[in-house]
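This report refers to the structure that appears directly beneath it.
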Number of protein chains: 2
Amino acid sequence: MEQLPNMRLTTQRQIILEELSKVTSHPTANEVYDMVRRRLPRIGLGTVYRNLELMADVGVILKLEVGGTQKRFDATVEPHYHVRCSSCGKVDDIDIAVQEQINQVAEKASNYKILGHHIEFSGICSDCMGKNQETDIN
Amino acid sequence: MEQLPNMRLTTQRQIILEELSKVTSHPTANEVYDMVRRRLPRIGLGTVYRNLELMADVGVILKLEVGGTQKRFDATVEPHYHVRCSSCGKVDDIDIAVQEQINQVAEKASNYKILGHHIEFSGICSDCMGKNQETDIN
DNA sequence: TAGGTATTGATAAACGTTATTAAACAGCAT
DNA sequence: ATGCTGTTTAATAACGTTTATCAATACCTA
Ligand SMILES: [Mn+2]
Ligand SMILES: [Mn+2]
Ligand SMILES: [Zn+2]
Ligand SMILES: [Zn+2]
């Protein structure tokens with residue numbers, strides 16, 4: 001969907017974007033809902049889903065389709081990569097250079113018009129590492 | 001989950017693996033169900049889910065967590081990358097060199113113990129390209 | 001063959017997301 | 001200010017995918 005001229009900047013939209021911009025945790029729609037509800041207790045979950053979707057469509061935020069059962073959202077729209085902890089499911093940014101050239105390599109190797117790519121690393125976060133070390137002593 | 005010594009090789013398991021191995025289309029659980037049902041008409045959808053999960057756990061197949069609403073399965077377990085058509089959702093292999101070194105780069109740039117990575121390209125497949133060209137003439 | 005475990009098919013339940021709808025709201029023209 | 005018109009909301013129902021439950025069945029081994 002495109003940005004329509006008669007799309008309004010409602011309080012709900014502003015606050016959803018503000019709350020998402022506050023964190024670097026790539027929250028799920030439900031987590032955004034919880035964050036926003038502290039400021040707008042009467043907001044509906046559907047409103048959060050609808051507006052996250054809308055903002056992702058116009059490019060104000062990113063919708064991440066990473067592993068796990070839920071979609072996640074990201075206020076950082078510049079291209080970058082992510083890690084997902086195999087143990088707890090947490091998603092963090094991986095700040096390494098974006099492989100711009102790889103799209104052309106992929107296009108040559110396929111029948112697709114390549115539009116972009118995303119790298120998802122899998123690993124164990126430092127928190128889960130600590131826990132495992134403690135229990136792995138046995 | 002690990003391969004248990006008392007895990008049986010049932011007809012259902014064999015046929016699910018055989019059917020998945022026949023295709024390169026990265027089918028969803030439901031699509032595998034349809035394929036398997038032609039040979040085992042009385043199999044339950046739960047059995048398909050259960051065994052795809054099990055085989056992915058022991059590493060006989062891959063469970064792909066790519067974009068879209070459904071998980072997909074892949075009998076090719078060697079590391080490789082994928083494209084997903086933004087238009088029709090089809091998933092294909094991208095046969096380019098696997099970036100082995102990138103895991104170490106990512107590990108240095110993060111607090112994670114990196115275990116692996118996956119690249120998902122997005123693009124438009126040749127089928128959808130043709131359709132769009134035809135309609136885009138107007 | 002008999003007993004014990006693993007697995008199945010059927011079905012219900014859970015989960016995340018999307019669709020529906022009446023009411024509320026925001027801008028605009030009178 | 002009042003009414004008109006289209007947008008958005010909150011509440012809730014519906015949906016599609018996946019997982020859980022469980023009695024019946026199949027398999028293994030002694
Ligand atoms: Mn990010
Ligand atoms: Mn593949
Ligand atoms: Zn973790
Ligand atoms: Zn396509």
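Listed pair N6(B) / dA6(C) meets the phosphate criterion, a side-chain N or O lying under 4.0 Å from OP1 or OP2.
Both T10(B) and N30(B) lie near DNA chain D, and the one whose nearest nucleotide falls closer to the 5' end is N30(B). Toward the 5' end of DNA chain C, the nearer of the two residues K71(A) and R13(B), judged by each one's closest nucleotide, is R13(B). Nearest-nucleotide positions on DNA chain C place L45(B) closer to the 5' end than the other of L45(B) and T69(B).
Here CD of E78(A) is found 8.5 Å from CG of L62(A). Values are rounded to the nearest 0.5 Å. Annotation: the span from H82(A) atom NE2 to D93(A) atom CG amounts to 4.5 Å, rounded to 0.5 Å.
Atom C1' of nucleotide dC28(C) and atom CZ of R8(A) are separated by 11 Å, given to the nearest angstrom. Separating the CD1 atom of I43(A) from the C1' atom of dT12(D) is a distance of 16 Å, rounded to the nearest angstrom. If you take CG of L54(A) and P of dT7(D), they are 12 Å apart, rounded to a whole angstrom. Rounded to an integer number of Å, the gap from CE of M7(B) to P of dT7(C) is 7 Å. At whole-Å resolution of the value, CG in L64(A) and P in dT17(C) are 12 Å apart. In this entry the distance linking CD1 of I16(A) with P of dT8(D) reads 13 Å, nearest Å. Atom pair D34(B):CG and dG16(D):P shows a separation of 15 Å (rounding to whole Å applied). Rounded to whole Å, atom C1' of dT20(C) lies 11 Å from atom CZ of R50(A).
You'll find that the side chain of Q12(B) is closest to dG9(C), out of dG9(C), dA10(D), dT5(C). Considering only side-chain atoms of N51(A), the nucleotide from dT17(C), dG9(C), dT9(D) that sits closest is dT9(D). Side chain of Y49(B), nearest nucleotide from dT17(C), dT5(C), dT18(D): dT18(D). For R42(A), the side-chain atoms get nearest to dA10(D) when compared with the rest of dT8(C), dT17(C), dA10(D). Checking dT19(D), dA6(C), dT17(D) against the side-chain heavy atoms of E53(B) singles out dT19(D) as nearest. You'll find that the side chain of Q70(B) is closest to dT18(D), out of dT18(D), dA10(D), dT8(C).
In the displayed structure, K108(B) atom NZ is contacted under 6.0 Å by at most 12 heavy atoms of other residues, nucleotides or ligands. No more than 12 heavy atoms of other residues, nucleotides or ligands shown are found within 6.0 angstrom of NZ on K113(B).
Looking at E53(A) and R50(A), no side-chain N of the basic residue comes within less than 4.0 Å of a carboxylate O on the acidic one, giving no salt bridge.
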